[in-house]
Amino acid sequence: MTLGMEILEGLNPAQQQAVETVDGPLLIIAGPGSGKTRVITHRIAYLVRVRDVLPYRIAAVTFTNKAAREMKDRLQRLVGTLSDALTVGTFHSFCAQLLRRDGAHVGISPNYTIFDADDQLTLIKQAMELAEIDPKHFPPQAVRSTISKAKSVLLDSHAFARNQQNYFEERCARVYHHYEELLARNNAADFDDLLMRSVQLLQENQEVREKYQERYHYLMVDEFQDTNVAQYRLARLLAEERHNICVVGDPDQSIYSWRSADIRNILSFQHDYSDATTISLEQNYRSTGKILAAAKQLISANGIRLNKDLFTDNDQGKPVTIHEAYDEGEEASYVIDEIARLVREEKLQRGDCAVMYRVNAQSRALEEACLHRGMKYRLVGGVRFYQRREVKDLMCYLRLLHNPLDEVSLARVIGVPPRGIGAKTLRDMADWAQRENIPLYTTMQRLATLHASGETLPVSLTSRAVNAITDFVEMIDRLVDFASKLPVVDLIDRVLEDAKLEQYFKRDEGDLEGGRGEERWENIRELRTTAQEFNAEEPPNGLATLLERLSLVADVDGYEESGESITLITLHQAKGLEFPVVFIVGLEEGLLPHSRSMESEEELEEERRLCYVGITRAQKLLYMLRAFRRGFMGRNGPTLASRFLRDIPQELMSPAHPRDKEIAQGVLSGGGTQDTLATPAPRTISRRIKDSADAWETVSSPAPARLALNLGDLVRHTVFGEGVVTGWEPDAGDVQVTVEFRDGVGVKRLLLSFAPLEKIEE
DNA sequence: TCCTCATAACTTTTT
DNA sequence: GTTATGAGGA
C-alpha cells in the first residue's frame with residue numbers, strides 16, 4: 001500500500017480526501033483554480049497504482065476535447081503506458097464509439113454518418129417540406145433547436161408529440177417525425193442522437209447494458225454542471241452496477257444552459273445517490289488575491305447559488321486594470337500595445353497572454369491589430385476548420401464513400417465540381433427514388449446500368465444528364481472500392497484526383513482575389529495531414545476514425561502551446577484554461593451581457609457566470625476593457641458600460657473609474673440606452689461628490705441644452721478635434737459633458753452651451 | 001445548367 | 001461587414 005503513495009503528496013487535505021474517496025458516489029464542488037484536473041487525474045492514478053484497478057475498468061468523461069486531451073496527457077505522465085487502456089473522452093466521442101460497436105440494436109449500422117448542425121438543417125428543411133410546413137412561418141433554425149432540446153431531455157418524436165405544449169411545438173412534432181425517418185434513411189445520427197440513442201440502446205438492450213456496466217467499475221464525470229439530462233442519464237446507466245461514480249463541477253461556472261445543460265443535475269445527483277459524499281475544493285492556487293476578490297464580488301451578485309468560500313494564499317497582486325477605449329479598433333490596439341509592453345518590460349512571454357471576448361466576431365479587430373503590429377496570435381475556434389467549404393466538400397466525398405446512404409453528402413458532392421447534374425435532374429431522380437422506395441444512390445446506379453445497356457429510362461432526363469450520371473456513378477463506385485482497400489491518405493489522393501478537385505479548389509475566382517485558391521488547397525493539405533494519423537489502420541477503419549474525428553473535433557489545429565503567440569479565444573472556450581495575463585474585451589451592455597441574454601434573470605446570471613469564468617482564468621494580471629463605440633452589424637453605435645464592471649469594487653480597480661460608474665448608474669437607472677442630453681426625461685442621476693471616493697449625491701436632471709447629444713456620440717471640437725461623448729452632468733443650469741478626444745488629446749470636460757462642439761452624423 | 005449580381009437578414013456561446 | 005437566397009443572363 002505504500003507504493004504509489006507519493007500520488008497524495010503535495011495535495012491539500014480536501015484534495016487528498018477527494019482522491020482517496022473511491023468507493024461509492026462522490027460529488028466534488030471545485031472552485032476555479034482549485035486543482036480540479038489535478039484531483040481527477042491523481043484519483044485515477046491512485047485507483048490504478050494503489051488500488052490496483054485495471055485501467056480498462058476506468059472511464060473519465062469530459063465535456064470538451066481540450067479537457068479530454070489534457071487529462072490524457074497528465075495521466076500519461078502519472079501512470080505511463082498504463083494510461084493507454086483508460087477510457088478518456090468526451091461524452092460525444094464515447095457515444096459515437098458505443099453506437100459504432102453496438103448501434104445495430106437500435107437500427108444504426110457501424111458505418112453511420114454523424115451529421116453536424118449544417119447537415120441537420122438541410123435535413124430539417126427536407127422534413128419540413130415532407131410535413132408541408134412553410135419555412136417562412138416556422139424558421140428551420142427554430143425548429144432545429146426545438147428538436148435538439150427535445151432530444152437532450154430524451155424525448156423521441158413520439159414522446160415529443162405527446163408532450164407538445166403549443167401550436168409551434170405541434171408543428172415541430174410533425175417535422176420531428178419526418179426528420180427521424182430521414183436520419184434513419186440516411187443511416188445518420190446528429191449530435192444529440194449520439195447521446196439519446198446511446199441511452200436508448202443501454203436502456204433497451206440488457207446484453208449491451210450489462211456489457212458496459214460490468215466493464216466499468218469506476219466512472220468520473222468532469223464539468224458536471226454542464227451536463228444535460230441525456231448525459232446524466234447515460235452516466236447513471238453506466239454506473240448502475242457499482243455506484244462508483246464521481247462527478248466534478250462548479251455551479252458558478254455553468255455556462256451552457258443554452259445547450260440544455262441543467263444545473264439541477266447536481267441536485268439530482270444528491271437525490272439519486274443519497275449516500276454520496278460531497279467535498280468542496282475552495283483553495284485557489286491560480287490567481288492573485290485581488291483577481292480572486294474581484295471574481296468573488298462579481299459572482300456574489302447572482303441570486304441562486306451554492307455558497308462557497310474561496311480563498312487563496314497567493315499574493316494580493318495588482319489591481320484589475322480598467323481601460324475604456326474609443327472604439328473596437330482602439331481597444332484592440334491598446335491590448336496589443338500593452339502585451340508588447342509586458343513582453344518588453346515585464347519579461348513576459350506572448351504565450352502568457354490571452355484575449356477573451358463574448359462573440360467570435362470580436363476577434364476581427366484584434367486580428368487586424370495583431371497583423372498591423374506584427375504580433376503573432378493563435379485564434380482558437382472561429383470559423384471552424386471543418387466548416388470551411390472546401391474541407392466540408394472533401395469530407396462529404398469521404399462520408400459518401402463510407403456510407404452511400406448519406407444523401408446529404410451525395411447532394412453536395414454531385415455539384416463539386418459542377419458536372420452537369422443540376423437541381424432539376426437531382427430532384428427528378430429523388431422523386432423517382434422516393435416512389436420506388438429505393439435509396440438515391442442505388443437509383444443512380446440503376447439509371448447508369450440501364451443507360452449502358454441501351455434501355456429506355458423510367459425518368460425523362462436529357463442525354464447529357466444521363467451521361468453525366470453514368471460518369472459520376474462510375475467514379476464513385478470505383479472510389480468506394482478503393483475505400484475498402486487503400487489506406488485513408490491514398491484514398492484521399494484518389495478522390496482528389498478522380499473528382500478533379502485539385503484544379504477546382506485551386507481555381508482563383510474573381511480577379512483581384514489572389515491566393516484564395518492556394519488557401520483552399522492549403523486547407524485540403526491540412527486535412528490530408530490529419531488523415532495521416534489514421535493511415536496505419538486497416539482500410540475501412542482508418543476512414544471511419546478519421547470521419548469520427550472530423551465530426552467531433554472542432555479545431556484540427558495542433559494547439560501548439562508556443563510561447564510565441566498570444567491567444568484569442570471566446571469566453572466559452574476559455575473555460576478550463578489559465579493564463580498569466582488575461583484581457584477581457586467588450587464589457588458593454590448588449591455584448592457582455594449579450595443582448596440576447598438580457599430578457600430573463602436566469603440568462604443574465606449565466607452571462608455573469610461567463611464573465612466570472614473569464615476573470616478566474618487570470619493568474620497574475622487582469623485587464624477589463626470596453627469601447628465607447630462599437631461596430632455592430634455594419635454600423636457603428638454608442639455603447640454603455642457593462643453592469644458587470646459595476647459589480648467589481650473600485651478599490652480592486654486601476655484606475656478607479658467613477659465616471660464609468662456614473663454612466664452605468666445614471667443611465668441604467670433611467671432605463672434607456674438613448675439618453676438625449678437635450679431632452680432628458682425627468683429622473684435622477686448619481687453624481688460623485690468632489691474628492692470623496694465613495695460619497696454620492698442625488699441630483700435632478702439638467703435643464704434642456706441647445707445641442708442634442710447622446711452618450712457615445714461622435715463630436716468635433718474646433719480645437720481638440722474629434723471625440724466621443726462619454727459622460728455628462730448638470731452644472732449650474734448648464735450641462736458639463738465629458739468628451740474623450742482622439743489622437744492623444746485626452747479627456748476634456750466642457751460646458752455644453754459654450755463649447756464649440758458640433759455633432760458628427762454617421 | 002451555371003454563374004453573376006443584388007438584396008436581405010442576420011451573429012451568442014459548442015459537441 | 002458578412003453570408004444565404006434569388007432573379008436573370010450566358
Side-chain angles (χ1 to χ4, degrees), chain A residues 61-68 89-96 114-118 120-122 125 135-136 139-141 145 148 151-152 189-195 223 226-228 230-231 254-261 328 356-365 368 380-384 386-387 389 414-427 461-462 464-465 468 507 509-511 548-555 569-576 586 590-599 603 606-607 609-611 613-614 630-636:
Chain A
V61 216
T62 64
F63 194 66
T64 64
N65 294 297
K66 216 159 27 200
T90 63
F91 272 102
H92 291 267
S93 69
F94 181 87
C95 291
I114 299 170
F115 276 175
D116 67 23
D118 288 339
Q120 248 184 84
L121 206 58
T122 311
K125 285 176 189 160
K136 294 256 154 52
Q141 277 289 6
S145 102
S148 168
K151 288 187 176 189
S152 73
D190 63 26
F191 283 133
D192 307 303
D193 278 337
L194 295 178
L195 304 170
E223 304 285 11
D226 287 329
T227 53
N228 63 27
Q231 287 162 326
S254 161
I255 53 175
Y256 284 103
S257 72
W258 53 274
R259 238 179 74 185
S260 310
E328 68 260 45
M356 303 180 183
Y357 36 83
R358 176 68 237 259
V359 301
N360 278 306
Q362 286 173 266
S363 72
R364 167 174 294 275
E368 273 167 13
V380 182
V383 186
R384 275 188 243 350
Y386 72 88
Q387 268 192 354
R389 180 169 284 151
I414 215 166
V416 178
R419 49 167 63 82
I421 308 172
K424 174 81 166 52
T425 310
L426 193 61
R427 172 143 283 251
L461 293 171
T462 63
R464 227 179 66 194
R507 103 208 107 95
E509 85 249 311
D511 359 282
E548 187 184 299
R549 159 77 78 89
L550 292 175
S551 308
L552 297 179
V553 179
D555 46 316
I569 191 169
T570 64
L571 287 163
H572 280 89
Q573 293 193 100
K575 194 176 67 159
L591 237 199
L592 185 62
H594 196 273
S595 53
R596 301 269 281 237
S597 300
M598 288 165 73
E599 308 275 285
E603 288 176 317
E606 179 146 322
E607 294 289 308
R609 290 194 292 270
L610 190 56
C611 189
V613 165
R630 186 170 297 273
F632 154 100
M633 277 204 290
R635 52 165 187 285
N636 228 355

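Numbers restart at 1 for each chain; the letters A, B, ... are given by sequence-line order, proteins then strands.
One finds the CD atom of A:E607 at 9.5 Å from the CG atom of A:L591 (value rounded to the nearest 0.5 Å).
Atom CZ of A:F115 is separated from atom P of B:dT14 by 23 Å (rounded to the nearest Å). Note: NE2 (A:H572) to P (B:dT14) measures 7 Å, nearest angstrom. Counting to the nearest Å, the P atom of B:dT15 and the NZ atom of A:K66 are 8 Å from each other. Atom-to-atom, CG of A:L610 to P of B:dT14 comes out at 10 Å; the value is rounded to the nearest Å. With rounding to whole Å, A:D118 atom CG is found 13 Å from B:dT14 atom C1'. Rounded to a whole Å, the NZ atom of A:K136 is 10 Å from the P atom of B:dA9.
Both A:V359 and A:A465 lie near DNA chain B, and the one whose nearest nucleotide falls closer to the 5' end is A:A465. Looking at which nucleotide of DNA chain B each of A:A423 and A:D192 is closest to, the 5′-most match is held by A:A423.
Aromatic stacking of A:W258 on B:dT13: satisfied, with centres closer than 5.5 Å and planes within an angle under 30 degrees.
The aromatic rings of A:F191 and A:H92 sit perpendicular, their planes meeting at an angle over 60°, well past the 30° parallel limit.
Put simply, the side chain of A:E328 never gets that close to the backbone of A:Q362: no donor and acceptor are under 3.5 Å apart.
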